[in-house]
Amino acid sequence: MTAQIISGKDVAQGIRAELAEEVAQLNEKHGIVPGLATVLVGADPASVSYVTAKGKACQELGMKSFQHTLPAQTSEEELLRLVDQLNRNPEVHGILVQLPLPKHIAESKVLYAVDPDNVGRLMIGEERFPPCTPAGIQELIVRSGTPTDGAELVVVGRSNIVGKPIAVMMLQKKAGANATVTVCHTRTRNMAEHTRRADILIVAAGKAKAITADMVKPGATVIDVGVNRIGFTESGKAKLVGDVDFDAVKEVAGKITPVPGGVGPMTITMLMKNTVRAAKLRL
Ligand SMILES: NC(=O)c1ccc[n+]([C@@H]2O[C@H](COP(=O)([O-])OP(=O)(O)OC[C@H]3O[C@@H](n4cnc5c(N)ncnc54)[C@H](OP(=O)(O)O)[C@@H]3O)[C@@H](O)[C@H]2O)c1
């Protein structure tokens with residue numbers, strides 16, 4: 001049987017409608033408009049399109065958007081100065097520094113300037129702002145009706161922005177989590193043995209077709225985080241695929257997210273949700 005497609009686009013739209021309502025209420029009752037600042041260094045085409053999408057989402061929800069585009073040769077000091085200014089701007093409730101940054105800038109320094117203690121809180125399940133992509137993944141799992149309590153959950157990838165945080169979030173003693181978590185990476189021996197056990201398989205490897213049909217348990221929920229550019233369409237748009245061999249895996253899985261239209265729209269929506277939350281916390 002073909003898997004049910006989990007549309008991140010539809011789920012994201014539902015959450016955005018809820019958020020638009022919250023934004024309107026905040027403005028009406030307290031005269032506050034949540035504001036998101038984005039900082040882009042250089043002109044990497046993928047980064048430009050991500051930042052543009054974030055600006056559009058703000059507009060859609062009635063939020064303020066402050067877009068800062070800096071030249072590729074911007075120094076680390078200049079960038080830190082801008083982040084500091086944004087931190088102190090009362091109209092800004094969220095700051096997004098688009099990664100990757102040019103090689104001469106230490107990403108960790110800039111990230112510490114934005115968000116010093118959230119990672120520690122995440123570890124003990126008390127984060128104020130769940131990281132956007134993992135938060136989007138968790139919403140997709142829960143809203144698609146996939147049970148997580150005691151589920152065998154396998155994450156492929158151990159990056160600081162996706163693999164590690166989603167593994168920690170799904171492990172917490174909480175509703176929508178409580179999973180038995182395994183994390184795989186390039187040194188994992190016989191990865192298929194792990195992925196085949198998974199009731200929930202989350203793939204964030206950044207490698208097209210890293211997961212083939214024989215690696216998936218029949219009926220599993222598969223969340224494909226990967227975004228791989230594999231050329232261009234005739235109209236010149238980038239052609240995107242995930243990390244999962246979608247056409248074959250959808251014949252084995254119970255539920256599966258597409259690429260594009262799966263995790264991507266959720267990530268932006270969770271960024272908006274965190275910004276609204278920050279505005280509320282400041283109240
Ligand atoms: N849709 C969205 O909103 C969104 C957001 C963020 C990222 N992404 C996409 O998600 C993917 C992952 O992003 P990331 O930042 O987490 O990537 P990353 O920093 O490159 O990390 C990739 C991880 O996958 C592991 N890995 C790579 N190939 C593997 C393989 N064949 N078998 C097992 N493990 C493998 C690596 O292992 P080692 O640690 O051993 O090297 C690493 O831990 C990318 O395609 C990215 O574009 C999408």
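Just follow the structure's listing: the first ligand is 1, and inside any ligand the first atom is 1. Keep in mind that what you see is a predicted model, and the values were worked out from it rather than measured.
The N/O atoms of Thr267, backbone and side chain alike, include one that comes under 3.5 Å of an N/O atom in ligand 1. Residue-to-ligand polar distances place Arg158 within reach of ligand 1: an N/O pair is separated by less than 3.5 Å. Considering backbone and side-chain N/O atoms, Ser159 comes within less than 3.5 Å of an N/O atom of ligand 1. At under 3.5 Å, not a single nitrogen or oxygen of Val263, backbone or side chain, sits near a nitrogen or oxygen of ligand 1.
Considering only non-hydrogen protein atoms, atom 40 (O) of ligand 1 sits nearest to Thr186 OG1, 2.4 Å. At the shortest separation from atom 9 (C) of ligand 1 among protein heavy atoms lies Val225 O, 3.4 Å. Nearest protein neighbour of atom 5 (C) of ligand 1, counting heavy atoms only, is Thr133 OG1, 3.3 Å. For atom 44 (C) of ligand 1, the closest non-hydrogen atom on the protein side is Gly206 CA, 3.6 Å.
Of all atoms in ligand 1, numbered sequentially from 1 with element shown, those under 4.0 Å from a heavy atom of Val156 are 33 (C), 34 (N).
Of the charged side-chain nitrogens involved, at least one lies within less than 4.0 Å of a carboxylate oxygen, so that Glu152 and Arg197 count as a salt-bridged pair. The existence of a salt bridge linking Lys273 and Glu139 is confirmed by a sub-4.0 Å separation between a basic side-chain nitrogen and an acidic carboxylate oxygen.
No heavy atom of Gly163 sits closer than 4.0 Å to any atom of ligand 1.
By the 6.0 Å contact criterion, NZ on Lys174 is enclosed, its count of non-hydrogen atoms from other residues, nucleotides or ligands being greater than 12.
Ile141 is listed as a side-chain neighbour of Met170, based on a closest heavy-atom distance under 4.5 Å. Looking at Thr195 and Val216, their side chains never come closer than 4.5 Å, going by heavy atoms from C-beta outward.
Comparing Ala205, Ala46, Cys184 against atom 28 (N) of ligand 1, the shortest heavy-atom distance belongs to Ala205.
Under the 4.0 angstrom criterion, atom 20 (O) of ligand 1 counts as lacking any protein heavy-atom contact.
For the residue pair Glu251 and Thr2, a side-chain donor N or O sits within less than 3.5 Å of a side-chain acceptor on the partner. The closest side-chain donor-acceptor pair between Lys54 and Gln67, if any, does not fall under 3.5 angstrom.
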